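So you know, we letter chains A, B, ... as the sequences are listed, proteins then strands, and number each from 1. Owing to the predicted nature of the structure, the values given are computational and were not obtained by experimental measurement.
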Number of protein chains: 2
Amino acid sequence: MNKYETIADLLKQRIRQNLYPVGSFLPSQSELASEFDVSRMTINKAINILTMEGFVSPQRGFGTKILNRPFWNNDVSPVDQYNGLTSEMARYHRDVESKIINFDVAFPDSDEQAHLSLTAQQPIYRIIRLRLVNKEPYILEHTIMPVDLIPNLTDEILHHSIYAYLQDELGLQIAGAYRNIQAVKPDALDLQYLNCKPDDPVLEVAQMVYLKNGQPFEYSHSRNRYDKRSFTELSLRK
Amino acid sequence: MNKYETIADLLKQRIRQNLYPVGSFLPSQSELASEFDVSRMTINKAINILTMEGFVSPQRGFGTKILNRPFWNNDVSPVDQYNGLTSEMARYHRDVESKIINFDVAFPDSDEQAHLSLTAQQPIYRIIRLRLVNKEPYILEHTIMPVDLIPNLTDEILHHSIYAYLQDELGLQIAGAYRNIQAVKPDALDLQYLNCKPDDPVLEVAQMVYLKNGQPFEYSHSRNRYDKRSFTELSLRK
DNA sequence: CAGTGGTCTAGACCACTTC
DNA sequence: AAGTGGTCTAGACCACTGT
């Protein structure tokens, strides 16, 4: 672990333990540098992390104030999450099951080619999975992935976590994702599998996920039951 | 302007101009350091910005690859936006009007006290505004703000931009915001003012906005017409 | 004014990738 | 082995805040 991440974690811990109470100020960067026996740049980097995560607000010439961390409850999924539902829910000790609605291979249409940077000759998987949490339907996921990147996708994997397979078995490194979130009306599949009523809204999250080498490898639309999922986000002035 | 921000902007410009084509690699950090006559740390900081904004993906021991930024033609993602609707829409040359549905002062209930860190004796504004873009209803905003932070709120201000008033007139500095996004069913006010049908979904964004000194100053729920607004977001592996 | 955080440097070592 | 990005240092200067 890096020094600055280690120190950031330690500072967070102190804040949570009220060793640095909300509303008070952190020791100055120079003091912290002496305490941890590192250069001030390293402390600065650590405090940057705390700032990005909303723990503190530094004001130049003044000090670094400990903020009151919002009490949005954690049962909502952070928007900046792309570990897949399985690991997300594991944190709350909930069972995730996947029911495969559709799984086949096809050539991409032009829209899919554009989104995944593919030629018309590179086949894709077309997957529709229903994700159940504690036996209740949560999400209907429409996923498209290029076959050549993920050679041996099986029913077995689809029943568990695609992401775990990608990262642990194939060693693919995810760089990030683009998402678009909107409210939509339910379609026939939603009615059938999410078990929602015609006037229930659906929260649709479209996302493209990228590998570190820049290759997009997943283009998906997840349709979430409106009473089961919401998304939280923290955004900060640059 | 800082050196690292200046350099980051310049690099972005080169990427957009295809001087560094998508799929190719940036010059190494040492080369860039010589070119701009700065230390490598400064280049590193600049490239960090590009990484956070999804322009490039550095891989240690290898190089920094220029990514394809898909339908991301505009500079800022609406999700990490807290400048208010007025400035957001101004970029697209659209008219924003505000119709005041409700504007009064009251003592906060316990929920409001908690969210805004107030006592029962500190009054708040309760504001409901309908935001119209090019004469069409887009958003119904329910906003709560402490009176003592924003002393002289007038109809005049509410008809334009609250945010512009806060920042330009009062000099309040916004640190960031927490948001929660979900799909909901329309309520009576939505039907009346957003002009939506009973089975139209509504995209609800609840947010708390914080000042740099840590004081929360706005707690709001905006209810967006589902066919008019969606939210985009870029998220990256740490 | 003294103290704070923000930036920047010149150089160093390390982890990693490709050859 | 050579080259890359990631981290870290010791010190410096600056912009800003409080008094």
Side-chain angles (χ1 to χ4, degrees), chain A residues 1-11 20 23-67 171-173 175-176 211-215 236-238, chain B residues 1-11 20 23-67 171-173 175-176 211-215 236-238:
Chain A
M1 181 85 101
N2 306 325
K3 286 194 190 177
Y4 69 90
E5 282 181 328
T6 311
I7 293 173
D9 284 347
L10 212 153
L11 294 177
Y20 300 145
S24 70
F25 289 82
L26 276 186
S28 75
Q29 296 190 354
S30 323
E31 287 178 85
L32 290 172
S34 317
E35 182 192 337
F36 293 110
D37 198 30
V38 297
S39 76
R40 192 161 75 83
M41 281 274 326
T42 303
I43 295 294
N44 189 283
K45 227 166 163 177
I47 290 182
N48 254 332
I49 294 180
L50 298 209
T51 308
M52 301 291 276
E53 297 182 354
F55 283 89
V56 300
S57 173
Q59 288 175 267
R60 125 153 66 182
F62 190 42
T64 299
K65 190 165 192 176
I66 285 96
L67 298 185
L172 296 181
Q173 292 201 309
L211 300 179
K212 283 210 171 156
N213 66 15
Q215 168 80 47
L236 298 148
R237 262 232 182 293
K238 59 174 174 181
Chain B
M1 181 86 101
N2 307 324
K3 286 193 189 178
Y4 70 90
E5 282 182 327
T6 311
I7 292 173
D9 285 347
L10 212 154
L11 293 177
Y20 300 144
S24 71
F25 289 83
L26 277 187
S28 75
Q29 296 190 354
S30 324
E31 287 177 84
L32 290 172
S34 318
E35 181 192 336
F36 293 111
D37 198 30
V38 297
S39 76
R40 191 161 76 84
M41 282 274 326
T42 303
I43 294 294
N44 190 283
K45 227 165 164 178
I47 290 182
N48 254 331
I49 293 181
L50 298 209
T51 308
M52 301 292 276
E53 297 182 354
F55 283 89
V56 300
S57 171
Q59 290 174 268
R60 122 155 67 184
F62 190 40
T64 300
K65 192 165 192 175
I66 286 95
L67 299 184
L172 296 181
Q173 292 201 310
L211 300 180
K212 283 209 170 155
N213 65 14
Q215 169 79 46
L236 297 148
R237 263 235 182 293
K238 63 173 175 180

Exercise for the section: Determine, for nucleotides 11-19 of chain C in 5'-to-3' order, which nucleotides have protein heavy atoms under 4.0 Å from the base (write B), from only the sugar-phosphate (write S), or from neither (write -). Expected result: -B--BBBS-
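- We find the CE-CG distance between M41(A) and N44(A) to be 6.0 Å, quoted to the nearest 0.5 Å.
- Nearest heavy atoms, I66(B) versus L26(B): CD1-N, 3.6 Å.
- In this structure, the CZ atom of F25(B) is 12 Å from the P atom of dT4(D), given to the nearest Å.
- Side-chain N/O atoms of T64(A) include one lying less than 4.0 angstrom from OP1 or OP2 on dG5(C).
- With sequence neighbours left out, T42(A) forms a side-chain contact (heavy atoms from CB on, under 4.5 Å) with K3(A), Y4(A), I7(A), V38(A), S39(A).
- OP1 or OP2 of dT9(C) has at least one side-chain nitrogen or oxygen of K3(B) nearer than 4.0 Å.
- Taking atom CG on L50(B) and atom C1' on dG5(D), their separation rounds to 14 Å, with Å as the unit.
- Every salt bridge (Lys or Arg N to Asp or Glu O under 4.0 Å) that E35(A) has, sequence neighbours left out, goes to R14(A).
- Using a 4.0 Å cutoff on non-hydrogen atoms, the parts of residues 42-49 of chain A near DNA chain D are T42(A), K45(A), ordered by number.
- Taking atom CD1 of I66(A) as the reference point, atom C1' of dG5(C) lies 14 Å away to the nearest angstrom.
- Proximity of a side-chain donor or acceptor of S57(A) to a complementary backbone N or O of K212(B) within less than 3.5 Å is detected.
- The phosphate of dT7(D) (OP1 or OP2) has a side-chain N or O of Y4(A) nearer than 4.0 angstrom.
- For the atom pair R40(A) CZ and Q29(A) CD, the distance stands at 5.0 Å (nearest 0.5 Å).
- Between F55(A) and L11(A) there is no side-chain heavy-atom pair separated by less than 4.5 Å.
- Take T6(B) and apply the side-chain contact (heavy atoms from CB on, under 4.5 Å) test, not counting sequence neighbours, and it matches M1(B).
- The distance from atom NZ of K65(A) to atom P of dT17(D) is 15 Å, rounded to the nearest whole Å.
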Exercise for the section: Would you sketch DNA chain D in dot-bracket for me? Only Watson-Crick or G-U wobble pairs with both distances under 3.5 Å count, crossing pairs as [ ], other-strand pairs as |, the rest as dots. Expected result: |||||||||||||||||..
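- For the OP1/OP2 pair of dT4(C) and a distance below 4.0 Å, the side-chain nitrogens and oxygens of S28(A) include at least one atom meeting the criterion.
- Scanning all heavy atoms of the two residues, the minimum distance from P27(B) to L32(B) falls at O-CD1, 3.6 Å.
- Annotation for A8(A) and L50(A): closest pair O-CD2, 3.6 Å, computed over non-hydrogen atoms.
- Rounded to an integer number of Å, the gap from N2(B) CG to dA15(D) C1' is 11 Å.
- Across every non-hydrogen atom of L211(A) and A175(A), the tightest pair is O-CB, 3.5 Å.
- In this structure, the CD atom of Q29(A) is 13 Å from the P atom of dT9(D), given to the nearest Å.
- Taking atom CG on L32(B) and atom P on dG3(D), their separation rounds to 17 Å, with Å as the unit.
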